Amino acid sequence: MRKLLILFILGFVSSGFATETDKAAHFGISYAFNTGMYGLSKKAFRLKQKYAMIFASFTTIVLTTAAEYMGGPGSRVDGGDIKANILGTAASSVTILMFDF
């Protein structure tokens, strides 16, 4: 499982082009939000791990995508930002499964 995470991170980071700061921010915010939502849903809502992970992932993806669509005036939706949100959520889920907390 660790090899999969390392491969995932290297594939995301070591592309031919430098990762934009905006995409890295979307990745990090989604990672942190999903991890926090998992902890909240597991402890406060007393959900089992499987259901807590599904709830946290769904909530994270919906809220971050909605935030992208609700950008300020003159902003446009960037599919790369949504992809970074999904990748951050996936990386958080893999970390949660790896360390089983």
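We number each residue from 1, following the sequence as shown. Remember, it's a predicted structure, so these values are computed and weren't measured experimentally.
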Handout entry: Any pair counted as side chain to side chain donor-acceptor pair (under 3.5 Å), so long as it reaches residues 58-70, sequence neighbours left out
Key = N34-T60

Exercise for the section: To the nearest 0.5 Å, tell me how far S92 OG sits from I96 CD1. Expected result: 4.0 Å

Practice task
Could you give me the CA-CA distance, side-chain angles and deciding distance for T95 and Y31, then say whether side chain to side chain contact (heavy atoms under 4.5 Å, CB included) is met?
Solution key: CA-CA 10 Å; T95 304; Y31 186 96; 2.9 Å; yes

Completion exercise
What one should report as the nearest heavy-atom pair of A91 and F27 is CB-CZ, 3.8 Å

Exercise for the section: Could you pull out the closest heavy-atom pair between Q49 and Y38, with the gap in Å? Expected result: CG-OH, 3.2 Å

Practice task
Compare all side-chain heavy atoms of F33 with those of T89 and state whether any distance is below 4.5 angstrom.
Solution key: no

Practice task
Quick one: list whatever passes salt bridge (charged side-chain N to carboxylate O under 4.0 Å, His left out) with D22, sequence neighbours left out.
Solution key: none

Handout entry: Which atom of A84 lies closest to which atom of K23, heavy atoms considered
Key = CB-O, 3.5 Å

Practice task
For the residue pair F45 and Y51, establish whether any side-chain heavy-atom pair is separated by less than 4.5 Å.
Solution key: no

Practice task
Report yes if some heavy atom in the side chain of D78 is under 4.5 Å from a heavy atom in the side chain of K83; otherwise report no.
Solution key: no

Practice task
State the CE-NZ distance between M53 and K42, to the nearest 0.5 angstrom.
Solution key: 8.5 Å

Handout entry: Sub-4.5 Å side-chain heavy-atom contact between H26 and I82
Key = no

Practice task
Could you tell me whether the side chain of D81 and the main chain of V77 form a donor-acceptor pair under 3.5 Å?
Solution key: no

Exercise for the section: Taking the side chain as every heavy atom from C-beta outward, state whether M37 and L40 have any atom pair closer than 4.5 Å. Expected result: yes

Exercise for the section: Linking directly or through intermediates, with side-chain heavy atoms under 4.5 Å: list the remaining ILVMFWY members grouped with F58, chain and number order. Expected result: V62

